[in-house]
Amino acid sequence: MLYQTCHLADLFEGFASLMARERDALCRMDGLIGDADHGIAMSQGMAAAHTAVAALGDVTLQDQFNAAAKGFLNAVGASSGPLYATAFLRAGKLAGPRTQMPLADTPQIIAAMAEGIAQRGKAVPGQKTMLDAFAPAAAALGAGSLRADIAAARSAAQAGAAATTDMIATIGRAALLGERSRGHPDPGAASAALLITAFCDQIERLAQSEDTP
Amino acid sequence: MLYQTCHLADLFEGFASLMARERDALCRMDGLIGDADHGIAMSQGMAAAHTAVAALGDVTLQDQFNAAAKGFLNAVGASSGPLYATAFLRAGKLAGPRTQMPLADTPQIIAAMAEGIAQRGKAVPGQKTMLDAFAPAAAALGAGSLRADIAAARSAAQAGAAATTDMIATIGRAALLGERSRGHPDPGAASAALLITAFCDQIERLAQSEDTP
Amino acid sequence: MTLTQKLINDGNDAVDEMLQGVLAAHGAHLRQAAPRAIVALHGPRAGKVALVIGGGSGHEPAFLGYVGRGLADAAAIGNVFASPPPQPIIDAALASHGGAGVLFMYGNYAGDVMNFDMAAEMLEMDGIEARTVLTTDDVASSPDRSKRRGVAGNVFIFKAAGAAADLDMTLDEVERIARHANARTYTMGVALSACSLPQTRHPNFDLPPGEMEIGMGIHGEPGIRRAALRPANAVVDEIMDRLLAEMQAARGDRVAVLVNGLGATPLMELYILNARIAERLAAEGLAVHLTLVGAYCTALEMAGASVTLMHLDDTLQLLIDHPCDCAMFRQG
Amino acid sequence: MTLTQKLINDGNDAVDEMLQGVLAAHGAHLRQAAPRAIVALHGPRAGKVALVIGGGSGHEPAFLGYVGRGLADAAAIGNVFASPPPQPIIDAALASHGGAGVLFMYGNYAGDVMNFDMAAEMLEMDGIEARTVLTTDDVASSPDRSKRRGVAGNVFIFKAAGAAADLDMTLDEVERIARHANARTYTMGVALSACSLPQTRHPNFDLPPGEMEIGMGIHGEPGIRRAALRPANAVVDEIMDRLLAEMQAARGDRVAVLVNGLGATPLMELYILNARIAERLAAEGLAVHLTLVGAYCTALEMAGASVTLMHLDDTLQLLIDHPCDCAMFRQG
Ligand SMILES: Nc1ncnc2c1ncn2[C@@H]1O[C@H](COP(=O)(O)OP(=O)(O)O)[C@@H](O)[C@H]1O
Ligand SMILES: Nc1ncnc2c1ncn2[C@@H]1O[C@H](COP(=O)(O)OP(=O)(O)O)[C@@H](O)[C@H]1O
Ligand SMILES: [Mg+2]
Ligand SMILES: [Mg+2]
Ligand SMILES: [Mg+2]
Ligand SMILES: [Mg+2]
């Protein structure tokens, strides 16, 4: 089974509608420790990424990721813009200039994104950021089968996002809150867990359809 | 029985505490058809009038009224300032440069004030103003005894103020509302009715204490 | 009962403390001739008509922010939403007149008329001639121009008269120009929230969420009607339809525009309004000579905005462009 | 759920429509070099360091109101409360650089740092040197100066750097002055209400009536603590105690003061604050060289205020007095 450009295009379409749906909830979350706009950044960013990807003709996976990066970044700015743009650029590098990649390799997209975010944000796990969803998900990979990897990454992302509630932010806008940042989940981790979940769900579906031809 | 400067000083003290008490209710009333400040104007004005009168030494009734006029006007401005200042000046002219006046003549103070207001405001009854309390009270005078006059003036002021609810304002700030001014009492008439009532109550008490020496 | 959140001390001291803060900030522009009379340091001069403006407080930067060289010479300061009494008006006139007469200009409100008229009578006894021009720019307040309220259009109208006085025109000329400026200035506003007097800290009217008051005055006086809050462009269209119908301008005519915030409405919203205003004016073939955007004539912390159009002619354009240097407003 | 009352159209269009309104009003000062890059008509010139500022929208008149001769040459405009992406920053730099280098100045926020840094890297590839000075004036935001947020003090800090650039100083000098100006500028604020993003129209935090947030950031970021709303003088005293302790000035030193409204707080309140600020400064023996009072750096329609002190020396005083002519700010 191969992961093709049509699958990646679908993924971005899904990201866009997911973030539109979660926009207000993410804004409320950001309001508690930040500036209440994370839902707007993510929904605008993913809408732009989706539009950019959908507008492409006959292209490679890397072209798609690059277009998504540029679309997201230019629509959003903010913190999320450079972070997701860099994540997508790294994912594009991993996918490479080809129109399809083995399904079994797709979990590494999560790892590539995690690296991009860590590098752009100069962040490490435990600082109460989106990296606390991406890094555990990346770390959960490589254990066994594709199915196991995907399941492990998904639950690690969700657990990681949940765990941010008890963290004190030490980077980003919320860092200045110190102790007052504790007790609230990080909105960037929450949106990241949603996106990783959607990605894992897609891979799982594709793997299933392979099993049952 | 004579109405003396100590009685007039008491009256202004009473006016001041009455308007302080009614401040917020009068503001709310003014909010519906005006600018929500009538209670503030009346409480500040009467407080200043009281202070000015209380500060006087050995003076005449006219001096007291003149001081009240000046104190009220300078503290307030607004519509109420010139209107009450003129009313007090007219009352002072009536009372004259003497330290006391016959109690039986005191109801004419209401008439003098009504004239002053009508002249300063270029107003006639029926326009939904404080004159709709003062003018009926003044018109009710002269029927018979002091007691009867006072009782008649008081109920005429109260009825007059109540009747403003059904009027359309044709002068002052509320005039621009047209039909929308109907259904709400005029705050200036309401405060006027309270003041006239307090004045009538005082005269009545003094008349009573004359009866029961 | 919830009290409106305000950064004040005792509400009764608000106006005087404000003046103290104004004088502390603007000692290079203003001086206090009397407790409630503020005079331009570089405004009044011998032989010049003195322009004295005034009105209630709570409209800042109106009125004291428009005192300065090239605009008003002095302002009389009232309590919040209350005309000043005659005394500060007299103080302002005495501190600024230069032997060429005094022009009183203020919004057309019953209280202001009574107090300024009393002041004018008293000044007459001192041999000082004080004339009066009322501003009546609020088109929503009455079909009868002479009964209308004066609102944000004050800024343009005062500006024109102040420039005329600064150009050493006679009292007759300044008065004529002031009337002319007023006659060609049109304002209409909408309120999105109430405001609260500092003493009561209680909203001066009820405006349910989702509604706006069209034609609201700058003291919270009810306007023409309540309506559901609509998108900015629809609000502008309603206002512009009315203003343009009143103004009766021909294609190619020039206007000055003031997009005024009532206190709590941020610049972002005012500029969004201006985007549509500019479109509407362009569609009419009208040339925009000057646009002011900001909180120029407020109603405490009321949310909302007004739009003013001044229908320029060569004289008014010259006067509007004439330099002025006030504590809160500069031009040229 | 009650939606915040706003005069806007589609919330997603708010920033672009605002820019349209700004350009319609200020065509004599500003031009649009790219959709989100605004450049001074009379600012940039050959051989002059280009000062490029920027940040999220919703802080108007910051940032675009400070673009003009003598102050910033260009501004990059982000979405509401969101750093602009690299592209408009690059557009602003390319449209304004005069061969003497570019100085980026903006508030110290993670998002802005990432976007401006990306822009600087890309400009470097085009052979354009862009340096960065972050503003960090919000004393309430961290004990560590380098981690602090940049808030209303921007006005003074940008002003000093813009004047240095206008005086044709080199990039090294302008950068040094910008750092110096930042190091001597101290701000602290309080919020009395939340604000709402145009897309959600939902308050970005809960502030129960009767309370205030001390040390609130200009995007509604929580501050130091919640407290009962106190009289203006007590609020000023808490702020001034902190600012004075940070500033460590000697008697006779000079300061510039900015009393800044966060959006919905009217001038009356700001001047009441200034009355007390002036008293406190006088008691410290400090001379007030300049006081600005108004909405200079806002958070949409948030109610509240901040106080900024710039600790002047001869250089900074000269630079603060240097003339500037921006669409929304003039000096000298
Ligand atoms: N340096 C960083 N590294 C990684 N993630 C970060 C960093 N700074 C912020 N974030 C993430 O960004 C999220 C905020 O995104 P968003 O609200 O869109 O931007 P902003 O803070 O500029 O408003 C935070 O919740 C956090 O997860
Ligand atoms: N021309 C007038 N003649 C008589 N009374 C008037 C006139 N104009 C206004 N009033 C009275 O003044 C009252 C308003 O007083 P106040 O609220 O103190 O003044 P303002 O309208 O200036 O705020 C009105 O309710 C009305 O009774
Ligand atoms: Mg955010
Ligand atoms: Mg009133
Ligand atoms: Mg009033
Ligand atoms: Mg943000």
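Please read all numbers here as calculations on a predicted model, not as lab measurements. Values below: all heavy atoms of this structure, side chains included; hydrogens, waters and symmetry mates excluded.
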Which distance, rounded to the nearest 0.5 Å, do you find between the [atom1] of [X] and the [atom2] of [Y]?
{"X": "C:N204", "Y": "B:D37", "atom1": "CG", "atom2": "CG", "answer": "9.5 Å"}
{"X": "B:R120", "Y": "C:D117", "atom1": "CZ", "atom2": "CG", "answer": "8.0 Å"}
{"X": "C:R201", "Y": "B:D24", "atom1": "CZ", "atom2": "CG", "answer": "12.0 Å"}
{"X": "C:H219", "Y": "B:R173", "atom1": "NE2", "atom2": "CZ", "answer": "5.0 Å"}

Under 4.5 Å, heavy atom to heavy atom, which residues of [range] contact chain C?
{"range": "residues 174-181 of chain B", "value": "B:L176, B:L177, B:R180"}
{"range": "residues 72-89 of chain B", "value": "B:L73, B:N74, B:A75, B:V76, B:G77, B:A78, B:S79, B:P82, B:L83"}
{"range": "residues 93-112 of chain B", "value": "none"}

If you count every heavy atom of other residues, nucleotides or ligands that lies below 6.0 Å from B:D58 atom CG, does the total exceed 12?
no
Pick from [options] with the largest number of heavy-atom pairs that fall under 4.5 Å of chain B:
{"options": "C:A110, C:S83, C:G223", "result": "C:S83"}
{"options": "C:P85, C:A299, C:P84, C:G215", "result": "C:P85"}
{"options": "C:I224, C:I89, C:D206", "result": "C:I224"}
{"options": "C:S141, C:G11, C:P88", "result": "C:S141"}
{"options": "C:R148, C:R36, C:M118", "result": "C:M118"}
{"options": "C:A140, C:S196, C:P86, C:P203", "result": "C:P86"}

Under the ring pair (Phe, Tyr, Trp, His ring centres under 6.0 Å) rule, collect the residues that match up with C:F205, sequence neighbours excluded.
none
For chain C, the option from B:G34, B:C27, B:G172 that forms the most heavy-atom pairs under 4.5 Å:
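Heavy-atom pair counts peak at B:G34.
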For [X], is it the side chain, the backbone, both, or neither that has a heavy atom closer than 4.5 Å to a heavy atom of chain B?
{"X": "C:Y109", "answer": "side chain"}
{"X": "C:D112", "answer": "neither"}
{"X": "C:V113", "answer": "neither"}

Quick one: do B:K70 and C:Q87 satisfy side-chain contact (heavy atoms from CB on, under 4.5 Å)? Show the steps, please.
CA-CA 10 Å; B:K70 198 169 165 187; C:Q87 191 56 53; over 6 Å; no
Is the shortest side-chain heavy-atom distance between C:N79 and B:I40 below 4.5 Å?
no
Given side chains that start at C-beta, do those of C:T200 and B:R28 come closer than 4.5 Å, heavy atoms only?
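No - every pair of side-chain heavy atoms lies 4.5 Å or more apart.
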